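Each remark here refers to the structure printed beneath this line.
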Amino acid sequence: MTRLLIIGPPGSGKGTQAQRLSAHLEIVPVSTGDIFRMNVLEQTVLGTEAQRHMDNGDLVPDHLTNDMVRQRLAMSDVRDGFLLDGYPRTLAQVAALDGMLDSSSQRLDGVLELAVSDEQVVQRLLARADNRSDDNEDVIRHRLDLYHEQTNAVLSEYAERGLLTRVDGLGSVNDITDRTLTALAMTTLPRHVEPARGRRSRLLRY
Ligand code: AMP
């Protein structure tokens with residue numbers, strides 16, 4: 001059973017890595033950004049409310065985000081493990097997640113930080129700018145500012161708890177996945193998870 005978080009600035013490639021890592025670890029990826037975008041597309045009440053914040057590069061308010069995650073983590077497919085991508089982003093969300101996990105006697109196995117410099121992030125996001133309404137330069141810089149203001153505190157909190165593994169997010173998609181799985185196998189997984197026979201070498205061979 002593996003419960004992980006992946007945290008990185010917008011444009012760090014965390015969504016791509018979350019998909020690859022969760023496929024490899026056979027756990028379910030849960031991306032709050034994807035859930036919000038789906039709600040926007042389907043024009044749900046949550047989507048309409050979230051869109052205003054997303055389009056400005058702001059965070060969706062904690063109570064809406066926490067309620068959404070609480071509902072998602074109550075579903076049966078994540079009972080045996082998940083990789084949360086994009087949550088928690090604030091200390092209030094950390095506290096909410098603690099409460100959700102405590103109430104079902106669960107705990108986190110580890111937190112991955114995908115580290116990428118601001119300039120790298122801006123270049124990458126501008127390159128994909130046609131695809132998303134929140135990818136113009138002002139909005140990107142604002143999202144980065146928020147990341148530093150709010151999410152650095154989340155990283156410090158998990159570092160203090162001894163849960164944080166930092167991975168360099170620069171390089172090819174394959175290299176980063178490889179690097180991340182190696183870091184997990186060396187830190188998080190042996191400490192917290194009964195590895196299935198051969199699991200560790202499978203991870204390292206990816
Ligand atoms: P992402 O795809 O993770 O970059 O998320 C896209 C946008 O969704 C963010 O810029 C926020 O507006 C919103 N969002 C995603 N996750 C959260 C969260 N944990 N808290 C607040 N807003 C979020």
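Here the structure is a predicted model, which is why all the values come from computation and not from measurement. FYI, side chains are in, hydrogens and waters are out, and symmetry mates aren't considered; it's all heavy atoms of this structure. Each ligand, and each atom within it, is numbered from 1 in the order the structure gives. Count residues from 1 along the sequence.
- Summarising the contacts of atom 19 (N) of ligand 1 with Gly86, Gly33, Ala50, the nearest heavy atom is found in Gly86.
- The environment of Arg179 atom CZ is dense: over 12 non-hydrogen atoms of other residues, nucleotides or ligands sit within 6.0 angstrom.
- Judged by distance alone, the side chain of Asp109 and the main-chain N or O of Leu4 form no donor-acceptor pair under 3.5 Å.
- Residues Asp138 and Arg141 are not paired through a salt bridge, judged by the lack of any N-O separation under 4.0 Å between the basic side chain and the carboxylate.
- Among the atoms of His53, none of the N or O lies under 3.5 angstrom from an N or O of ligand 1.
- When heavy-atom distances to ligand 1 are checked against a 4.0 Å cut-off, Asp34 has no atom that comes that close, whether in backbone or side chain.
- Here the shortest heavy-atom distance to atom 8 (O) of ligand 1, taken over Met54, Arg143, Met68, belongs to Met54.
- In Val60, the parts holding a heavy atom less than 4.0 Å from any atom of ligand 1 are both the side chain and the backbone.
- Looking at Asn66, Thr65, Thr32 one by one, the single match for side-chain hydrogen bond (donor to acceptor under 3.5 Å, both in side chains) with Tyr87 turns out to be Asn66.
- Checked by atom type, the side-chain pair Thr177/Gln17 shows a donor-acceptor distance below 3.5 Å.
- Of the N or O atoms in Arg89, one or more lie within a sub-3.5 Å distance of an N or O in ligand 1.
- When only interatomic distances are considered, the shortest N/O to N/O separation between Tyr87 and ligand 1 does not fall below 3.5 Å.
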